[in-house]
Amino acid sequence: MNIIKFDSEAKLNEAAARIITGIVQTNPSAVLGLATGGTPVGIYKQLVHDYNEGLVSFKKVTTFNLDEYVGLAPDHHQSYSYYMRENLFNHVDVDASRTNIPSGLASDLGEECSRYDQLIQAAGRIDIQLLGLGHNGHIGFNEPEEELSSGTHVVDLAEETKQANARFFSEGEQVPSQAITMGVGTILKAKTLLLVVKGKDKAEIVKRALTGPITTDVPASLLQTHPQLTVLVDQAAGSLLP
Ligand code: GLP
């Protein structure tokens with residue numbers, strides 16, 4: 001595991017973007033695993049900047065997002081599909097037909113999960129999976145449980161997660177109570193993992209995840225088992241890390 005601390009958010013975003021663009025420069029057809037939430041917004045801005053500077057092209061990449069809310073249409077302003085278009089896809093040359101996000105509107109959610117797993121399998125290995133960290137240690141939407149699912153599955157969101165994500169929703173709007181998420185098994189199969197954690201409120205959980213016991217109570221602790229894990233933290237999030 002490689003943990004790198006940054007004294008500014010701009011430097012962290014630049015470093016994360018450099019890792020991703022490096023992979024795409026080496027392999028223009030790379031398979032990118034993407035994440036949502038507040039944490040990667042600055043990284044996507046940096047990727048758009050790098051694209052505009054002519055440093056990288058996303059024309060041939062394939063992307064798989066970690067998760068999507070159940071019940072939100074792709075054009076809902078809080079769907080992760082909308083988020084990805086707004087923050088990245090609409091601003092770079094990625095081929096929309098090679099961007100993949102589970103459908104939260106599928107009539108048969110179980111079938112949608114299998115379809116998503118098959119697509120990931122058909123694309124081969126995910127070259128780099130970008131990850132944020134939930135306050136309760138979730139990755140994607142893999143919430144703390146006695147048992148974790150390996151493949152894509154439907155989850156009931158923890159109350160804590162709904163509260164944390166309520167900040168993105170308009171007043172009076174309900175945070176969905178379910179989501180479809182890539183499973184921990186799929187995440188761990190990625191060639192490289194890039195975990196990005198920002199803010200003092202994540203200091204304790206990132207310490208537990210990276211230095212505590214490996215337990216399904218803290219899904220991110222399973223990342224410790226991955227041979228190619230890079231963790232980028234700001235000073236605040238990394239304050240309790242060695
Ligand atoms: C969300 C997402 C995760 C994200 C995490 C942290 O619920 N499903 O993929 O990493 O919670 O989000 P944030 O970066 O906004 O703190």
Side-chain angles (χ1 to χ4, degrees), residues 6 9 12-13 16-17 20 32-47 63-72 76-84 86-88 100-104 113 116 126 128-145 148-149 152-169 173-184 186-188 190 193-210 218-223 229-234 236-238:
F6 293 86
E9 188 166 351
L12 188 161
N13 292 335
I20 297 168
L32 307 179
L34 300 176
T36 52
T39 306
V41 171
I43 299 170
Y44 293 144
K45 274 207 176 88
Q46 184 64 41
L47 288 178
T63 69
F64 287 96
N65 264 78
L66 284 168
D67 45 21
E68 179 59 287
Y69 289 115
V70 167
L72 296 194
H76 186 285
H77 69 118
Q78 282 314 324
S79 75
Y80 286 160
S81 181
Y82 184 91
Y83 170 107
M84 287 311 302
E86 285 292 298
N87 286 291
L88 184 66
N100 300 284
I101 302 181
S103 166
C113 293
Y116 203 64
I126 291 177
I128 183 164
Q129 178 64 58
L130 178 61
L131 295 165
L133 179 65
H135 289 98
N136 58 4
H138 74 233
I139 44 173
F141 268 133
N142 292 278
E143 299 280 27
E145 299 276 3
L148 297 176
S149 302
T152 303
H153 59 288
V154 177
V155 284
D156 293 327
L157 298 181
E159 210 40 56
E160 195 180 352
T161 302
K162 288 202 274 180
Q163 277 170 23
N165 289 359
R167 72 189 195 278
F168 298 117
F169 286 75
E173 236 176 10
Q174 287 258 321
V175 182
S177 53
Q178 286 191 312
I180 296 184
T181 184
M182 225 185 242
V184 173
T186 308
I187 292 171
L188 290 175
L193 298 180
L194 181 60
L195 175 67
V196 181
V197 192
K198 299 175 183 173
K200 200 171 166 34
D201 53 323
K202 302 260 179 88
E204 187 60 46
I205 191 62
V206 75
K207 178 186 165 211
R208 274 181 75 194
L210 300 180
V218 181
S221 67
L222 275 94
L223 302 179
L229 169 64
T230 296
V231 186
L232 307 185
V233 291
D234 62 10

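Counting starts at 1 for both ligands and their atoms, following the listed order. Note that this is a predicted model, so its numbers are computed, not measured.
- By the 4.5 Å heavy-atom criterion applied to side chains, Leu34 and Leu88 are counted as neighbours.
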Quick one: ligand 1 N/O to protein N/O pairs below 3.5 Å?
residue  : atom   : partner : partner atom : Å
ligand 1 : 7 (O)  : His138  : NE2          : 3.4
ligand 1 : 7 (O)  : Asn165  : ND2          : 2.9
ligand 1 : 8 (N)  : Asp67   : OD2          : 2.9
ligand 1 : 8 (N)  : Gly140  : O            : 3.2
ligand 1 : 11 (O) : His138  : NE2          : 3.0
ligand 1 : 14 (O) : Gly38   : N            : 3.3
ligand 1 : 14 (O) : Thr39   : N            : 2.9
ligand 1 : 14 (O) : Thr39   : OG1          : 2.4
ligand 1 : 15 (O) : Gly38   : N            : 2.7
ligand 1 : 15 (O) : Arg167  : NH2          : 2.9
ligand 1 : 16 (O) : Lys202  : NZ           : 2.8

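- Taking Thr39 as the reference, Val196, Lys198, Lys202 meet the side chain to side chain contact (heavy atoms under 4.5 Å, CB included) condition, with sequence neighbours excluded.
- Inter-residue side-chain proximity for Ile139 and Leu222 is flagged as unmet; no heavy-atom pair is nearer than 4.5 Å.
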Name every donor-acceptor pair, under 3.5 Å, that has one atom in a side chain of residues 155-166 and the other anywhere in the protein, sequence neighbours excluded.
residue : atom : partner : partner atom : Å
Asp156  : OD1  : Gln178  : NE2          : 3.0
Thr161  : OG1  : His138  : ND1          : 3.3
Thr161  : OG1  : Glu143  : OE1          : 3.1
Thr161  : OG1  : Glu143  : OE2          : 2.6
Asn165  : ND2  : Tyr69   : OH           : 3.0

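- Within the 4.5 Å cutoff, the side chain of Leu66 has no heavy atoms near those of the Asn142 side chain.
- In this structure, the side chain to side chain contact (heavy atoms under 4.5 Å, CB included) partners of Ser103, at least two apart in sequence or on a different chain, are Leu105, Ala106, Glu112.
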